[in-house]
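Reminder, nothing fancy here: chain letters follow the sequence lines and each chain counts from 1. The structure presented is a predicted model; accordingly, all values stated were derived computationally and were not measured.
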Amino acid sequence: MASLRQNDKSGPIWRWLFIGQLRTFPFRYIFAVLSIAIGIALGFSVHLINASASDAFGDAVRNLSGSSDAQVAGATSLGFDEQLYTRIYQLPEAADVSPVIEMSAVLGETEARIKLIGIDPFRAGAITPVLIGRQVISDEQSAGRTGGQPSFNINAVYLSDAALDLSKTKVGSFVKIRANGAIHDFQVAGDLPGIEAGQPVAVIDIAAAQWRFNRLGVLDRLDIKRAENSTQSSLARALGKMLPSDARLSGAENEIEKRTSLSRAYRVNLEMLALVALVTGGFLVYSAQSLSAQTRQQQFALLRILGLQKSSLQRQLLLEGLALGLVGSVLGILLGYGFAYLVLAIIGSDLGGGYFSGSTGPIDVTASAIFVFSGFGIVTAILGSFSPGRRAAGLNPAQAIKTSADNLDGAKQPVWLPGTLLILLAGVLVILPAIDGLPIFGYLAVAAILAGAIWLTPWLARTLLAPLTRVSNRDVAFDLALNHLLRSPTQAAAALGGIVASVGLMIAMVIMVSSFRTSVDNWLESILSADLYVSGGLVEASFNADQQEEISKLSGIAVAEFSETINVSLDPTRPPVNLIIRPVQSSQYPLSLIATVDEERAGIPIWISEPAARIYDLEIDQNIRLPIGAGGTPVYVAGIWSDYARQQGAIVMESDDYTQLTGNLERSELAISLQNPQNIDAETERLKAQISNIAGTEPEISNAAGIRNIALGLFDRSFAITYGLEAVAILIGMVGVGATFAAQVGTRIKEFGMLRHIGFGRREIIMMLAYEGILLGLVGLAAGVMSGLAISQILVHVINPQSFNLTMKTSVPYMLLLGISAALLITSGLTAIFAGRRAAAADALRAVNEDW
Amino acid sequence: MSSQYPLILKSISKTLPNGRELFADISLSLSSGEFVSIQGESGIGKSTLLNLAAGLDTSSKGEVIVAGQSLAGLSETELTGVRGRNIGFVFQAFHVLPFLNLIQNVSLPAILTGNTRDLALHKAADLLNKVGLGDRTQSLVSELSGGELQRVAIARALVHSPTLILADEPTGNLDPSTSSEVMELLTNTVKSTDAAMILVTHSAIDAASADRRLIMTATGMRDLDG
């Protein structure tokens, strides 16, 4: 007991030792702190940016939903019959109901994308007062008024501040609004002071919205206030009993959940990727602490001899790790906040995923986020110090005090069992399912492979390098380099930890992104077999049956196939899927089918996309009910097709079936095969003019190559942030290699001094270190490539399918990997040479006479 | 625990892991204030004997008693405590921490044995004064010669008032003139306390200053002075 008490007095010693180390090797610690700080900064800033986007979106939805207790929304983007409004209004559980039309629209000459909302001001006043405009111009000033109430003016529009800014419009002026295939002029009668900043919203009278924008007889939403004597659940029950198949019970929180659930996997993946940098930082702390412990081996032995307990010694290194983690985390949190601030100010909060474009809110830093992210940093740094601390404390002090810092452990056979077990564990983890839509076990498998690979590195180093000892006619520098590495596998592992981690993750990411991109490219090639694709353009116009027939007969068109896309809700808690209405048996417009029914059977067939099959757990030949047609329609799954465009899922239905069910013949999209595709530009211009004449609005026409370029451009944009984070992780890894190597060389000054004494020139020492660098780089590369290949397969076949519900084929970019490998070997060699300059300096001659 | 015998070795033997017997049946008792030198060929086991006495190694047979406490069966934590409280070390290679100044180096054992920082620094200053480095307490190790470094090591060995000093070739890295100065300082400083000392040395001159001169051979240990 007395001895334990003594150690409690050792505080000043730790401070002296740690400060002494900091003074002696400042860069080693600065680098370790920076590695942690960058990892935390990336993770924290990505979190803040995502949280800002989610919060802004959530605030906007809540803002527009006002104080409604429940909402009924259309199961499809076609809306629901307006009779439902009257029926719900008569419910005793409902005190008030406000009908709403909601469309995406294009505003003014600037073609700003806005949300167009049609309301009944009498009803909305009580439930969603934020949608009631503040009238700035008087009735007398306004044109085309139809009654005394300004809000009834069918020509009046109220714009939020963001909509005014985007459309560069002023109150009182006239503005064109284009939506649902129609264009109309409105006078800006006032603004919407209740709408939160950053939300581009336009509010018009509901009658104007229905009449002018082709929505007669339908509504998109009902905002409902419950009666005082009813409860939320009784209202929900009453609504549930009476809702038709084309309407769903909804709510603000439901809408937020839908959107955030769609982007959650993307956000988690980004945060995980950011934390990769932190993990690499953790390995660099491990390297720094391992080398530091090796350098101080005799010092630790002395302290142990003088009476320091083993546990205190281990605690010392853990405390150092804690200090590094603490400083790194504080720095990281500050850097992360700054980075998030800059990104939000310059780029916005979307981060390339496309889930929150247009939503940017203030940065909301929560104590829990700071706690979690700095906790990550501290735990990583402490874990990085754990093994070096254990090793240092486990040394026999009587032996350690007599051996130099460059103590070789070549007599020990490197262990391979723990590393192998970890890799086997990864094999088990990858077959486990996602938890709540997140590939948690997949990430754990990645961690297990990395840890296993690093654990196996000493064994791999010896296995790969031992055969080289049999090579004849080696030069002395190579001989010494090889023998040093063979007899110090633990030291080699310390240097290689960072390399294996960063190379492994880098290669995995490169293969994953390449596989994804190649799959998307092949998919685009398979589906874009028509020459031209026509859409309704900015007015989102659609073609009626007569127009379709007329267009089909235009000269130069070999085949014209019309299609339509509407949103359909299969599950009120999930974002709606796209229902694509088109000819299915089309040679110019094929589905990239991955599974089909053996034989067609009675009933209406649909073809679902792979994400839809995974999200809704649907199988081939399964019967489901679609919320279209009167009372919904039973259909069966006739096939599953691959789709990289619609993460929320998509369903294809034969055009004739849809027309039969709904009577709707309108189609807004068109695929054209030309009789003379060689002359595509001229044909495009000619057809544009002719279609414009027929439809009355100018359509948007793209060719297959253009669409493909745009799609791949979007793909690259969405992965831009991924590439950025990856580059930072690689940079940390590469600089880590340099720092680790320089530190290792620092522990061997005596050896170099001795070599100089026995006739080694500076050049030979530098050559020896260059060989060591290249050999180490080779071993690190081998371990990194192997673990990278394994991790890439987890990303491609486990994490991506579980996160995004789509599968892809592995595509290895060999030339890129070759380039990365060459860069790594050159970096290792150059770093070693650079570090060796110090070793070869004159000081080394004196080093043999020094004690430490 | 106090005892008039800071160290008692009872019939100790040491067999190496490869089966070779390094020495056998060595017994030795040191009284307080007694100074014993041990000479012998390289590899005969002198340093191992010191490691056994310090609880840094375990004997194959026999018993080691430090300050009245048998080391047999003690845990590593307990052995570390016994060593820290009772033993001071002087090494051939000085082993002075390069990034601490002299007073910090000397005060380490005192802090480890439970003295407050201020008291430890006060004791260290006193001892540095005694070894002639009182005016250089804030100097760094790199500014010192080999002889001066060993003086620092001597002060460090005594700062926590140990009952036993173990000195392993303390002049092995020094020139003859400095060696004699350091030896004189070591013996005088230790004599000024009540500590016993074992000096392991190859130097007959250094050994001559001891109260008892022992020699280790392959057959055991005998008294050179009869």
Side-chain angles (χ1 to χ4, degrees), chain A residues 1-26 292 295-313 316 393-405 411 749-750 843 846-847 849-852, chain B residues 1 47-48 50-52 54-58 74-89 91-101 103-105 107-121 140-142 146 149 153 156-157 159-160 162 166 168 173:
Chain A
M1 282 306 289
S3 60
L4 291 175
R5 274 199 309 275
Q6 291 156 16
N7 289 314
D8 293 338
K9 302 277 184 183
S10 57
I13 296 179
W14 298 140
R15 276 198 299 279
W16 292 346
L17 293 178
F18 189 41
I19 291 167
Q21 278 293 306
L22 277 176
R23 253 194 238 124
T24 318
F25 305 107
S292 168
T295 321
R296 292 185 281 172
Q297 187 171 299
Q298 286 181 313
Q299 300 166 17
F300 291 153
L302 171 70
L303 291 169
R304 293 273 293 115
I305 289 170
L306 294 181
L308 184 74
Q309 294 294 354
K310 209 175 185 176
S311 56
S312 301
L313 184 55
Q316 152 79 359
L395 288 171
N396 180 331
Q399 283 175 5
I401 201 158
K402 290 196 168 179
T403 48
S404 74
I749 292 296
K750 266 189 173 178
D843 274 0
R846 283 214 313 272
N849 296 319
E850 288 174 4
D851 293 321
W852 301 91
Chain B
M1 197 179 290
S47 296
T48 304
L50 288 193
N51 287 341
L52 291 175
L56 288 164
D57 200 350
T58 49
L74 292 188
S75 68
E76 189 164 326
T77 306
E78 290 164 331
L79 284 172
T80 306
V82 169
R83 187 165 64 238
R85 284 191 301 276
N86 300 296
I87 302 176
F89 292 86
F91 304 95
Q92 177 179 358
F94 323 135
H95 293 312
V96 182
L97 297 173
F99 45 81
L100 299 185
N101 62 29
I103 195 163
Q104 285 174 330
N105 261 296
S107 63
L108 285 177
I111 294 171
L112 284 171
T113 46
N115 288 280
T116 63
R117 182 172 174 272
D118 286 347
L119 184 60
L121 289 173
L140 286 173
V141 171
S142 54
L149 284 172
R156 185 182 62 195
V159 73
H160 54 305
L166 301 176
D168 192 356
N173 279 9

**Heavy-atom closest pair, residues A:Gln309 and B:Glu76** =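 Scanning both residues completely, I find the closest heavy atoms to be OE1-O, 4.1 Å.
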**Asked** Which pair of non-hydrogen atoms, one from B:Arg83 and one from A:Arg304, has the smallest distance, and what is that distance?
**Response**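 It is NH2-O, 2.8 Å.
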Interatomic distance, [X] atom [atom1] to [Y] atom [atom2] [nearest 0.5 angstrom]:
X	Y	atom1	atom2	answer
A:Ile305	B:Phe91	CD1	CZ	4.0 Å
A:Asn396	B:Asn51	CG	CG	7.5 Å
A:Lys310	B:Leu79	NZ	CG	11.0 Å

**Asked** Side-chain contact, heavy-atom cut-off 4.5 Å: B:Arg156 with A:Leu306?
**Response**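 A side-chain contact exists here, since the closest heavy-atom pair is under 4.5 Å.
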Chain A contact via B:Leu121 - side chain, backbone, both or neither, heavy atoms under 4.5 Å: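 For B:Leu121, the contact with chain A is made by the side chain alone.
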Partner residues of B:Gln92 under the side chain to side chain donor-acceptor pair (under 3.5 Å) criterion, sequence neighbours left out: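 For B:Gln92, the residues satisfying side chain to side chain donor-acceptor pair (under 3.5 Å) (neighbours in sequence not counted) are B:Asn173.
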Name all residues meeting the side chain to side chain contact (heavy atoms under 4.5 Å, CB included) criterion together with B:Ala120; count only those two or more places apart in sequence or in a different chain, and write none if there are none.
->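 B:Ala120 satisfies side chain to side chain contact (heavy atoms under 4.5 Å, CB included) with B:Ser107, B:Ala110, B:Ile111, B:Asn115 only.
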| said: Is A:Leu303 close to chain B through its backbone or its side chain, or both, or neither, when contacts mean heavy atoms under 4.5 Å? | reply: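 Contact with chain B involves both backbone and side-chain atoms of A:Leu303.
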